[in-house]
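We use all heavy atoms of the structure for the numbers below, so side chains are in, but hydrogens, waters and symmetry mates are not. In the text below, chain A, chain B and the rest are named by the order of the sequence lines, each starting its count at 1.
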Number of protein chains: 4
Amino acid sequence: MLINLDFESNEPIYQQLVHQIIEGIARKEIAPGEGLPSVRSLASDIGINLHTVNKAYQQLKQDGFILIHRQKGVVVNPDGVPKADANYKKQLEKNLRPLIAESICRDVSEEEFLRLCSTIFETYQGGSA
Amino acid sequence: MLINLDFESNEPIYQQLVHQIIEGIARKEIAPGEGLPSVRSLASDIGINLHTVNKAYQQLKQDGFILIHRQKGVVVNPDGVPKADANYKKQLEKNLRPLIAESICRDVSEEEFLRLCSTIFETYQGGSA
Amino acid sequence: MLINLDFESNEPIYQQLVHQIIEGIARKEIAPGEGLPSVRSLASDIGINLHTVNKAYQQLKQDGFILIHRQKGVVVNPDGVPKADANYKKQLEKNLRPLIAESICRDVSEEEFLRLCSTIFETYQGGSA
Amino acid sequence: MLINLDFESNEPIYQQLVHQIIEGIARKEIAPGEGLPSVRSLASDIGINLHTVNKAYQQLKQDGFILIHRQKGVVVNPDGVPKADANYKKQLEKNLRPLIAESICRDVSEEEFLRLCSTIFETYQGGSA
DNA sequence: GTGGTCTAGACCACT
DNA sequence: GTGGTCTAGACCACC
């Protein structure tokens with residue numbers, strides 16, 4: 001799985017890392033139970049600070065995406081990621097709302113917006129088919 | 001138009017303000033050409049620093065949502081907001097992608113996701129009908 | 001002579017007014033000795049504040065473009081505008097320098113820059129021919 | 001690279017700073033990819049507030065002159081500055097026009113004006129030869 | 001009265 | 001240590 005960071009983005013690097021790993025899981029490139037590189041090796045591979053990788057891993061663990069065993073190392077949660085709960089959906093709506101509001105202002109129709117979402121969905125589901 | 005800020009949020013206050021105003025425009029509560037409160041009055045209304053409001057206004061100006069008119073003060077861009085260009089859509093996709101990836105991991109179906117988007121769209125378009 | 005103001009520009013209105021009048025003189029639309037509208041009439045014509053017009057006139061007077069007679073009103077300096085002195089040229093260079101520096105960074109060749117200047121010169125000299 | 005500010009000038013300090021840095025780039029004193037001092041260090045070097053430096057940097061970033069890199073700090077855009085587009089040229093003309101108009105009024109010939117521009121150009125290109 | 005600029009000092013997130 | 005954010009108070013230019 002390829003990690004692709006933008007050091008000039010406003011999005012913090014650890015956050016980008018979190019997203020990329022989640023995308024990898026969504027794309028089924030890394031399956032539940034499968035291992036991830038250690039903090040050290042990933043950090044030196046990408047050329048970033050240990051702390052940064054660690055912070056990303058901690059957040060992924062916090063959100064139930066991965067488990068961190070002292071010995072077995074880092075693995076994708078073998079039970080699968082916790083399903084969306086009411087809280088997650090509230091958060092999701094809160095994140096979508098400003099995107100949709102701006103799209104409306106900029107004359108993006110609902111159809112076009114939904115089509116874009118579908119297209120993005122396909123980029124993940126196509127990978128598993 | 002009501003402004004509703006969460007001072008506990010990680011999202012910077014000026015950013016929340018930007019979003020809220022964009023939502024106000026999307027909801028057609030503030031029409032093109034209409035005026036917005038002055039930096040100072042809005043700041044004292046909300047109980048924040050005028051620089052924070054100013055930063056929000058500057059960003060909105062930069063993005064073409066508002067104009068700062070020498071005589072009329074701050075007004076919503078009477079020509080309407082610049083339409084979505086390729087750049088905006090690329091940005092939008094970049095913002096949607098991680099949300100969708102996480103949703104997939106959490107077993108949110110495409111149908112459900114799109115339905116959520118539609119629901120949010122209605123909260124804006126319903127307001128203008 | 002037409003006055004064309006941009007109320008959304010960062011350039012102060014009085015400054016725009018000064019420029020427009022200087023351009024009118026350069027274009028020989030208003031000849032030395034000829035009269036300009038009174039502060040009051042010009043202000044109400046354009047729909048701006050008296051102070052603003054007054055400030056523009058004061059600056060033009062200061063720079064030797066116009067004379068303000070208590071009775072005869074405002075006239076373009078019949079002796080013509082004071083010729084460029086060393087001081088003016090120093091100022092001119094100071095104004096041109098950042099424009100040229102940025103042009104160089106943006107890959108505008110000297111030829112192209114000079115051509116643009118010539119084109120602008122023509123818009124004035126053409127008017128007098 | 002030397003920064004030379006005039007605290008008496010009407011031109012805002014941050015603006016002067018922007019100009020000086022652009023001139024440094026034009027003069028090839030700072031090459032693409034090269035680093036600029038941090039906000040704090042530059043501010044204390046010049047003896048101004050860090051916010052003022054920050055404002056200058058933000059504008060330079062906005063205009064594509066510099067990048068704010070998560071790891072390397074502030075660097076001159078390694079891809080070079082965005083080339084002049086139609087918009088920039090329109091702006092440039094708008095800036096040149098009043099300078100030329102006043103020069104005409106003050107009896108500066110087109111030849112002399114162009115010669116002055118050439119002289120300024122040389123101060124930049126001579127530096128790289 | 002408005003927005004624009006500058007200063008100053010503080011806290012935080014990120015690397 | 002870096003940049004980003006927020007606050008606060010001051011002065012100025014403009015209208």
Side-chain angles (χ1 to χ4, degrees), chain A residues 5 7-17 43 46-56 59, chain B residues 5 7 9-17 35-44 46-59 61 66-75, chain C residues 5 7-17 43 46-56, chain D residues 5 7 9-17 35-44 46-59 61 66-74:
Chain A
L5 301 177
F7 294 98
E8 285 142 23
S9 164
N10 298 317
E11 198 183 14
I13 292 180
Y14 85 96
Q15 195 65 263
Q16 292 182 47
L17 196 46
I46 320 186
I48 61 177
N49 197 297
L50 287 178
H51 299 352
T52 309
V53 176
N54 195 48
K55 184 157 188 178
Q59 180 166 327
Chain B
L5 300 178
F7 295 95
S9 166
N10 300 317
E11 197 184 13
I13 295 183
Y14 83 94
Q15 195 64 264
Q16 292 183 46
L17 196 46
L36 265 63
S38 78
V39 172
R40 276 177 173 78
S41 69
L42 183 52
S44 83
I46 315 185
I48 60 178
N49 192 282
L50 84 170
H51 291 119
T52 309
V53 176
N54 190 46
K55 186 161 186 178
Y57 275 8
Q58 288 303 328
Q59 182 168 324
K61 173 183 163 193
I66 63 173
L67 299 177
I68 300 189
H69 194 105
R70 294 247 164 210
Q71 302 183 307
K72 288 184 259 169
V74 181
V75 297
Chain C
L5 301 177
F7 294 98
E8 284 141 23
S9 164
N10 297 316
E11 197 183 15
I13 293 181
Y14 84 94
Q15 195 66 262
Q16 292 182 46
L17 195 47
I46 320 185
I48 61 178
N49 196 297
L50 286 180
H51 299 352
T52 309
V53 176
N54 194 48
K55 185 158 187 176
Chain D
L5 300 178
F7 295 95
S9 165
N10 299 318
E11 197 184 15
I13 294 182
Y14 84 94
Q15 195 63 262
Q16 292 182 47
L17 196 45
L36 265 60
S38 78
V39 172
R40 276 178 173 79
S41 70
L42 183 52
S44 82
I46 316 184
I48 60 176
N49 192 283
L50 82 172
H51 290 118
T52 309
V53 176
N54 190 46
K55 186 160 187 178
Y57 275 9
Q58 289 302 328
Q59 181 168 325
K61 173 184 162 193
I66 63 174
L67 299 177
I68 300 189
H69 193 105
R70 292 248 163 209
Q71 303 182 307
K72 289 183 261 167
V74 181

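Per the geometry, CD belonging to B:Gln58 stands 17 Å off P belonging to F:dG4, to the nearest Å. For A:Asn49 and E:dA13, the CG to C1' distance is 14 Å, given to the nearest whole Å. Between the P atom of E:dG3 and the CG atom of B:Leu36 lies a distance of 10 Å, rounded to the nearest Å. E:dT2 atom P lies 19 Å from atom CG of B:Leu67, rounded to whole Å. Nucleotide F:dC14 holds its P atom 8 Å from the CD atom of C:Gln15, rounded to whole Å. Nucleotide F:dG4 holds its P atom 17 Å from the CD atom of B:Glu11, rounded to whole Å. Note: CG (D:Leu42) to C1' (F:dG3) measures 14 Å, nearest angstrom. One interatomic measurement links the two molecules: CD1 of C:Ile46 to P of F:dC15, which rounds to 12 Å at whole-angstrom precision.
Counting any heavy atom pair closer than 4.0 Å across all strands shown, A:Gln16 reaches no nucleic acid atom. Among the heavy atoms of the strands lying under 4.0 Å from B:Ile13 are primed sugar atoms or P, OP1, OP2 only; no base atom is included. Across all strands shown, D:Tyr14 has heavy atoms under 4.0 Å from sugar-phosphate atoms exclusively, and none from any base. Contact annotation for B:Asn54: backbone-only contact, meaning every heavy-atom pair under 4.0 Å involves sugar-phosphate atoms and none involves a base.
Residue D:His51 places a side-chain atom within donor-acceptor reach of the base of F:dC6, judged by atom type and a 3.5 Å distance cut-off alone. A donor N or O paired with an acceptor N or O is not found under 3.5 Å between the base of F:dG1 and the side-chain atoms of D:Arg40.
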Item checked: Secondary structure of DNA chain E in dot-bracket form (Watson-Crick or G-U wobble, distances below 3.5 Å, | marking inter-strand pairs) -> ||||||||||||||.
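For the pair B:Ile68 and D:Thr52, both in contact range of DNA chain E, the more 5′-proximal nearest nucleotide belongs to B:Ile68. Between B:Pro37 and D:Pro12, the residue anchored closer to the 5' end of DNA chain E is B:Pro37, taking for each the nucleotide with the nearest heavy atom.
Considering CD1 of B:Ile48 and OH of B:Tyr14, their distance stands at 12.5 Å, rounded to 0.5 Å. Annotation: the span from D:Lys55 atom NZ to D:Asn49 atom CG amounts to 12.0 Å, rounded to 0.5 Å.
Taking 4.5 Å as the limit, every side-chain heavy atom of B:Arg40 sits out of range of all side-chain heavy atoms of B:Val53. In this structure the side chain of D:Leu17 never reaches within 4.5 angstrom of the side chain of D:Thr52, judged on heavy atoms. Between A:Ser9 and D:Arg70 there is no side-chain heavy-atom pair separated by less than 4.5 Å.
For E:dT5, the OP1/OP2 oxygens have a side-chain nitrogen or oxygen of D:Lys55 closer than 4.0 Å.
Every side-chain contact (heavy atoms from CB on, under 4.5 Å) that C:Glu8 has, sequence neighbours left out, goes to B:Leu67, B:His69, C:Asp6.
For the pair C:Gln16 (side chain) and C:Glu11 (backbone), a donor-acceptor distance under 3.5 Å is present.
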